[in-house]
Student: 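Right, I'll just put the structure down here and ask away after.
Naming: A, B, ... by sequence-line order, numbering from 1 per chain. Excluded from the calculations below are hydrogen atoms, water molecules and symmetry mates; all remaining heavy atoms, backbone and side chain alike, are included.
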Amino acid sequence: MTKLTMTVNGKDVGPHEVPDDLPMVDYLNDTLGLTGTKFSCGIGVCHACVVMVEQPDGTITTRRTCIAGATSFAGAKVTTVEGHAKDGKLSDVQQAYVDHFAFQCGYCTSGFVNAGTALIERLRKAPVAKSQVEDTVHSGLGDHICRCSGYVRYYEALRRLILTDPTLTKEG
Amino acid sequence: MSDIKPLWTRRRLLISGGALGLSQVLKPAVAQAFNPDDVMPIAPGWDNADGTDLNYRIDGYAKVTGAKLYARDVRGADMAGWPDETHHAMLIFTPHAKRIYKGLNLSALAADLHPDTIVTADDLDKAGLAATGFFTTDLFCKPGSVPLYLSQPVAMFIYKDLITFKRAQAALIGSDAIIDYGAAAPATSTDPYGANRFTRVQGDSPYGPDVFSPVKDGWVGPLRYQKNHSPVWAKEDIKGDVSQQASAYGDQIRADLKDGKSGKLYTQSFQTQSIDQVFMEPENGLAWYDAATGKLSLMLGVQSPLAILNAVGNLVKDAKASANVSEVDAHFAYIGGGFGGKDHTIVPLYIAIAGLFGGGKTVRLALDRFNQFQFGLKRHAFEIETQMGVDPDTGKFLAFASTMSCDGGGRSNFSASVADVGATAATSVYYLPKSDIEVTANQSIGVTAGSMRGYGTYQTMTAMECLMDEVAEDLGKDPFEIRRQNAMTTGQLNLTGNAASGAMRTGEVLDAMEASDLWQNRAAKKAAFEAANPGKSYGVGVACVMKDYGTGADVTLGSVSLSPEGKITAACAAIEMGTGVSTAVARRVSEYLGRNADTVELDQQDLWDALKLETSGDPFGISQADQDKAQANPRWVPAISSPSSASIGASVSSHGPAQAAYIIMRYGLWPAALSIWSEGPLGGEAAGQFLTFDKLRWVDGKLTGAGMEPLPLEQLAARAHKDGLVTGAMVHGFNRWSWASATFAIGTDDLTTAIDALAIQKGSDDWDLLNRKAIDYPPAKFERIAVNYYSACGAVVALSADKISGDVTIEAVHQVLECGNAIVEDLVSGIAQGGIAMGIGHALHEYLPPFEDGPGDGTWNLNRYIVPKAGQVPVWKTTLEILPPLSETDPPKGMGEVVMIPVVPAILNGINNAIGARVQSLPATPEKIREALK
Ligand code: FES
Ligand code: FES
């Protein structure tokens, strides 16, 4: 058992007595009631359960919560799909996905929101050449499974978002 | 159960053979966390300011922000009035079906992981619980017997504590150590779930009448089954009964093919594989049984709410005191993917059992992915043996005979129906003057197969499209030329002897495919690709199919209400599977009311009480006499509701709301407009015109026509309410390959339209239920039609095959779709793109061994079952062309299924084009490609 505290969507949570083998997805779903993070394969393949974690240096990474224990997030700054929209206004990535009809059943969407956002944050620090945008989108989303959409609209949405924000790309 | 009282009579559904007398209440999903407002964007923005267009799907905001929408998101604490404390249940499955099951051996599980409650077959017997009707089966294997199939549950474990539950679940993955087995024993082997023979012989004309056909003469089943369970068909006699005639004509077709009397003979052996649906949300649900009140509450995510309610009703109907259910109160959430696998699934029965044995607490039964592979419904694997006779000079098809079987696994589900649908689609888009198809849905010990997107047609049309390519290649004909030459044209009769509804537009689909860049420039692309990629062969394949949609007993329930302020609320009895039915309903209403619905409600079964619907009989099997008798009751309809599927979201589900909106327009807004336009001395601005309803037009969200002042909906709604005109309409419609139509008196007018029940609201009055003055149901014999509504889809696929490894890469896909009026084109194209990815998975990657090494062993998950990720899909090189409708009055056609089919045979044909060898067994794995290359 660990006394667990962390920051989730900007709020401090815990301390909670949590066994070391409790997956983070269950901690989010059942302890915190944040069910936007989805369980699908449970073995780290589909990436439906991905959340964002802010590193001490401010960089954003993603982690699969079905194969990571909740205690491994001790002290971390975690963002789940519930933490992106502010005051009813969608984040750029969320807006891009809805505008482009990216998803259907939506069960995979939280993973794509977090992965897409982490990618955009990465590009803010290290813009890519315009000619690399498609490969870059794939590098951000390529691990995720969506059974409904065929990925086309997720990819196109993110490409359009990247190409319309001049801070995310450079010439080339 | 001895004393079931219909508690809420107004909400009682009278269903023959179902849970008579049981109060069944369908409610919107989670009372606390889910109400219609939750699926609306919190920030305005899903549609444009005047409601005449949309920016994104109506549930887009909720889904992209992680709102609680799915059953998996819900716990007891989320449900108003339920116990907050949630306990957790798991099923214990057996991976063996050839050994005696002796019982549980809990010593193999650490003592601290033992469950708080165990439920076994014995407990169900004691409680008087049993699965009957459609779901008849032993829910748990009884000690001393052989499991009926791989993965049959033997017990349910219920845990009070989540952590203990999780640990036990992890300890039991892929392990049956806690199950004791006895001696080896023969596997269960029964007669097939069904078999039929579809024989047709054309008369003088392809347009009919036929000499013999299923529609003209009736359907034919076997007389009996042999010891080895193969069907015995009637002895042939051309003058005998329908079965004997079918045998006579069918055998003759086969003999003529063999003897070369039906042109050049082509034979094909083709196999398709067992597939998991892999919807992303594994099946799950919550249940709570309150013994004090007898109420069993459920929270589920299924495609077929009413069927599941009936099944739960049947489960408890003979229950003893411990499970004395008097009311089932079910909530149905959005579903995280379904693809057919959440239609008539048995999992909700186990969820109900979890509640009944849950000690008064909320119990959650949520399959994990291993469980879902182990127990979830699978796609039927088909074996297809075909002979086709072709005129070698003209390339015209002369005769077709096929013997096909599919594996339904160990529990009866939709296998017989899947077999029939597959068989009757077997010649795809092509016309055959003579055909004879024998199809059998076999029982096995495999994991149960059921409904899945494509429903048998994916399997049989894939085979046909590959055979088509083979014939073209052999006769030296262009693949488009031979397809055009044989494509069924409008009015020609299909395999069952029925003409398709509406114009056949296959020719246009083929034209568009042929004109595509991938096809036109294939030689140059091949040369460039192979020069840049030594060791790889480039190929292009084409295929064109048309998929029937509808089931022959489809229901629409729709309601539209207009507030005095002009706000539109639409409701429709459908499950949102992700295909966007709620968005489509909001849009479809705008056809008549000038703008989108402001609110859309789904699954509000109690909403339909105003219609007081009653039903009896089986809508598929009812006799004409019974139908004639029953329809005299103005409340009677052949079926109250039907399951949701990807194909009928737009075409069927939105039909009801569209009809309701029309009635408000015709009897509310039109007289309101007339009264406004006629105001003033001498009849106002309307006086100089002869105004008729058909001249009305919505322009920029305002109603005008014949030069009248455009009127906003708010003004019209206010007038309609003030004048007591029609401001709400609730309808039920029924389709058996044709819409039922009825006549209702509204004021002094008689309205005849494609619905069979109607209630209207005038002003702010209560619902006024109208009796139909006349009713015209599609004849009972239309059930024989089997297929009628089609949408067509073709794919051109460019791919490369690695000559050493056998790896196939899909380089580009161009898909052409004919789907009538697409209600929301962005949704249609999204569904089509998803269909392409699923088709790629089926063609190249997805495979489940049928028996002992298959998913029933509990070790399958997405690490070894390959679902395409984006890297396996030509994401940037997928193009879609949707044919424009013939006119703006074309109905929207079901397209959710057809879009995943042609890409599969196009890939197989492309592989042949690339490497010069055919793969006739799905999936086309690298091993098979390497073998073919030898
Ligand atoms: S649920 Fe975590 S990767 Fe699939
Ligand atoms: S939208 Fe359904 S799984 Fe992605």
Side-chain angles (χ1 to χ4, degrees), chain A residues 19 21-23 26 29-30 33-46 48 80-85 87-90 93-95 97-110 113 134 137-138 141-156 159, chain B residues 42-43 46 55-57 59-70 72-75 77 162-163 166-167 170 277-282 334-339 368-370 577-580 826-827 829-838 861-863 867 869-871 873 875-876 878:
Chain A
D21 57 353
L22 180 72
D26 295 317
N29 287 179
D30 287 275
L34 293 173
T35 52
T37 302
K38 300 300 186 218
F39 175 93
S40 186
C41 71
I43 56 165
V45 177
C46 74
T80 68
V81 67
E82 291 97 337
H84 291 257
D87 301 325
K89 186 176 169 350
L90 297 176
V93 169
Q94 289 172 316
Q95 193 67 48
Y97 287 163
V98 293
D99 286 348
H100 210 64
F101 292 80
F103 51 83
Q104 288 162 39
C105 80
Y107 199 78
C108 65
T109 302
S110 61
V113 167
E134 292 183 358
V137 170
H138 185 59
L141 303 184
D143 286 329
H144 289 246
I145 290 180
C146 170
R147 189 60 153 170
C148 303
S149 75
Y151 309 100
V152 176
R153 289 171 167 274
Y154 273 128
Y155 272 50
E156 288 176 348
R159 175 175 65 181
Chain B
I42 297 165
W46 79 276
N55 297 322
Y56 50 85
R57 46 185 304 147
D59 53 9
Y61 187 96
K63 285 181 172 174
V64 85
T65 54
K68 279 184 191 286
L69 288 177
Y70 312 95
R72 204 154 189 118
D73 298 340
V74 184
R75 308 290 185 272
L162 173 69
I163 307 294
K166 281 270 152 195
R167 287 182 178 151
Q277 326 253 355
V278 193
F279 33 73
M280 291 295 277
E281 181 197 16
Y334 273 48
I335 55 177
F339 312 116
D368 68 12
R369 184 60 60 182
F370 290 101
M577 299 165 62
T579 51
D826 285 309
L827 290 175
S829 76
I831 295 167
Q833 288 153 354
I836 289 168
M838 190 178 271
N861 202 323
L862 293 174
N863 55 335
V867 168
K869 291 187 174 181
V873 177
V875 172
W876 306 116
T878 296

Student: Between CG of A:Asn29 and CZ of B:Arg72, what distance do you get to the nearest 0.5 Å?
Tutor: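 A:Asn29 CG to B:Arg72 CZ: 8.5 Å, rounded to 0.5 Å.
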
Student: Where do B:Ile335 and A:Cys105 come nearest, in terms of heavy atoms and distance?
Tutor: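 The answer is O-CB, 3.7 Å.
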
Student: Give the member of A:Thr109, A:Asp21, A:Val113, A:Leu141 that has the highest number of heavy-atom pairs under 4.5 Å with chain B.
Tutor: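 Maximum pair count with chain B is reached by A:Asp21.
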
Student: Which answer fits A:Val152, side chain, backbone, both or neither, if we ask what part of it has an atom under 4.5 Å from a heavy atom of chain B?
Tutor: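 For A:Val152, backbone and side chain are both near chain B.
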
Student: What residue in B:Ala837, B:Ala170, B:Ala832, B:Pro282 has the most heavy-atom pairs under 4.5 Å with chain A?
Tutor: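 Among B:Ala837, B:Ala170, B:Ala832, B:Pro282, the one with the most close pairs to chain A is B:Pro282.
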
Student: Chain B: which of A:Cys41, A:Gly42, A:Gly36 shares the most heavy-atom pairs with it under 4.5 Å?
Tutor: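 If we count pairs closer than 4.5 Å to chain B, A:Cys41 comes out on top.
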
Student: Examine whether an atom of A:Phe101 lies under 4.5 Å from a heavy atom of chain B, and if so say whether it belongs to the side chain, the backbone or both; otherwise answer neither.
Tutor: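 The answer is the side chain of A:Phe101.
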
Student: Can you say whether A:His100 sits under 4.5 Å from chain B via the side chain, the backbone, both, or neither, judging by heavy atoms?
Tutor: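 Neither part, no heavy atoms under 4.5 Å.
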
Student: Only pairs of heavy atoms separated by less than 4.5 Å count here; which of A:Glu82, A:Arg153, A:Arg159 has the most with chain B?
Tutor: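 Winner by heavy-atom pair count: A:Arg153.
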
Student: Got a second to check how far B:Phe370's CZ is from A:Ile43's CD1, nearest 0.5 Å?
Tutor: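 Going from the CZ atom of B:Phe370 to the CD1 atom of A:Ile43 covers 5.0 Å.
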
Student: If we ignore hydrogens and angles and just use 3.5 Å, is the side chain of B:Lys63 paired with the main-chain N or O of A:Gln104 as donor and acceptor?
Tutor: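 Side chain of B:Lys63 to backbone of A:Gln104, a donor-acceptor pair under 3.5 Å: yes, one is there.
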
Student: Which heavy-atom pair separates A:Tyr155 from B:Ala870 by the least distance, and what is that distance?
Tutor: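 Heavy atoms only, the tightest pair is OH-CB, 2.9 Å.
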
Student: Can you tell me if A:Arg147 uses its side chain to pair, donor with acceptor, with the backbone of B:Val867 under 3.5 Å?
Tutor: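 Flag not set: sc A:Arg147 to bb B:Val867 has no pair under 3.5 Å.
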
Student: First locate atom CG of A:Asp143, then atom NZ of B:Lys869, and finally report the distance between them rounded to the nearest 0.5 Å.
Tutor: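 A:Asp143 CG to B:Lys869 NZ: 5.0 Å, rounded to 0.5 Å.
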
Student: Tell me, side chain or backbone of A:His84 under 4.5 Å from chain B's heavy atoms, or both, or neither?
Tutor: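 When you check distances to chain B, no heavy atom of A:His84 falls under 4.5 Å.
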
Student: Which one of A:Leu34, A:Asp30, A:Leu22 has the most heavy-atom pairs closer than 4.5 Å to chain B?
Tutor: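 When all of A:Leu34, A:Asp30, A:Leu22 are compared, A:Asp30 has the most.
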
Student: State, with a plain yes or no, whether a side-chain heavy atom of B:Trp876 is found less than 4.5 Å away from one of A:Val137.
Tutor: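 Yes. Closest side-chain heavy atoms under 4.5 Å.
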
Student: So do A:Val45 and B:Asn861 actually touch side chain to side chain, heavy atoms under 4.5 Å?
Tutor: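 No, their side chains stay 4.5 Å or more apart.
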
Student: Rounded to the nearest 0.5 Å, how far does OG of A:Ser40 lie from CZ of B:Phe279?
Tutor: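 Nearest 0.5 Å value for the CZ-OG distance: 10.0 Å.
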
Student: Let me confirm one number: the CD-CG distance from A:Gln95 to B:Asn55, rounded to the nearest 0.5 Å.
Tutor: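 That separation rounds to 8.5 Å.
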
Student: Any luck finding a side-chain donor-acceptor pair between B:Arg75 and A:Thr35 under 3.5 Å?
Tutor: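 No pair is found: no donor N or O on one side chain lies under 3.5 Å from an acceptor on the other.
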
Student: Of the backbone (N, CA, C, O) and the side chain (C-beta and beyond), which part of A:Ile145 lies under 4.5 Å from a heavy atom of chain B, both, or neither?
Tutor: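 For A:Ile145, the contact with chain B is made by backbone and side chain together.
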
Student: If we only count heavy atoms from C-beta on, is the B:Met280 to A:Cys148 side-chain gap below 4.5 Å?
Tutor: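 With C-beta onward as the side chain, the pair stays apart.
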
Student: With a 4.5 angstrom heavy-atom cut-off, could you sort out which part of A:Phe103 is near chain B: side chain, backbone, both or neither?
Tutor: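 For A:Phe103, the contact with chain B is made by backbone and side chain together.
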
Student: Write down the atom of B:Thr65, the atom of A:Leu90, and the distance for their closest heavy-atom approach.
Tutor: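 Smallest interatomic distance, heavy atoms only, reads CG2-CD2, 3.5 Å.
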
Student: Please tell me if the side chains of B:Lys166 and A:Pro19 come closer than 4.5 Å, counting only heavy atoms from C-beta onward.
Tutor: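 No, too far: nothing below the 4.5 Å cut-off.
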
Student: Non-hydrogen atoms of chain B under 4.5 Å away: do they reach the side chain of A:Ser149, the backbone, both or neither?
Tutor: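 Looking at A:Ser149, just its backbone touches chain B.
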
Student: Which distance, rounded to the nearest 0.5 Å, do you find between the CG of A:Asp99 and the CZ of B:Arg57?
Tutor: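 Taking CG in A:Asp99 and CZ in B:Arg57, the distance rounds to 13.5 Å.
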
Student: For B:Asp73 and A:Lys38, what are the C-alpha separation, side-chain angles and deciding distance, and is it a side chain to side chain contact (heavy atoms under 4.5 Å, CB included)?
Tutor: CA-CA 8 Å; B:Asp73 298 340; A:Lys38 300 300 186 218; 2.7 Å; yes

Student: For a quick test of reading the model, state the closest non-hydrogen atom pair linking B:Tyr56 to A:Val98 and the distance between them.
Tutor: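 B:Tyr56 and A:Val98 have their closest heavy atoms at CB-O, 2.9 Å.
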
Student: Which atoms of A:Val93 are under 4.5 Å from chain B, going by heavy atoms: the side chain, the backbone, both sets, or neither?
Tutor: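 For A:Val93, there is no contact with chain B at all, as no heavy atom is under 4.5 Å.
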
Student: What are the two closest non-hydrogen atoms of A:Phe39 and B:Arg369, and how far apart are they?
Tutor: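 Scanning both residues, the minimum pair turns out to be CE2-N, 4.2 Å.
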
Student: If I compare all heavy atoms of A:Gly150 with all of B:Val873, which pair ends up nearest, and what's the gap?
Tutor: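 That would be O-CG1, 3.9 Å.
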
Student: Under 4.5 Å between any side-chain heavy atoms of B:Tyr61 and A:Gln94, yes or no?
Tutor: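 No. Closest side-chain heavy atoms not under 4.5 Å.
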
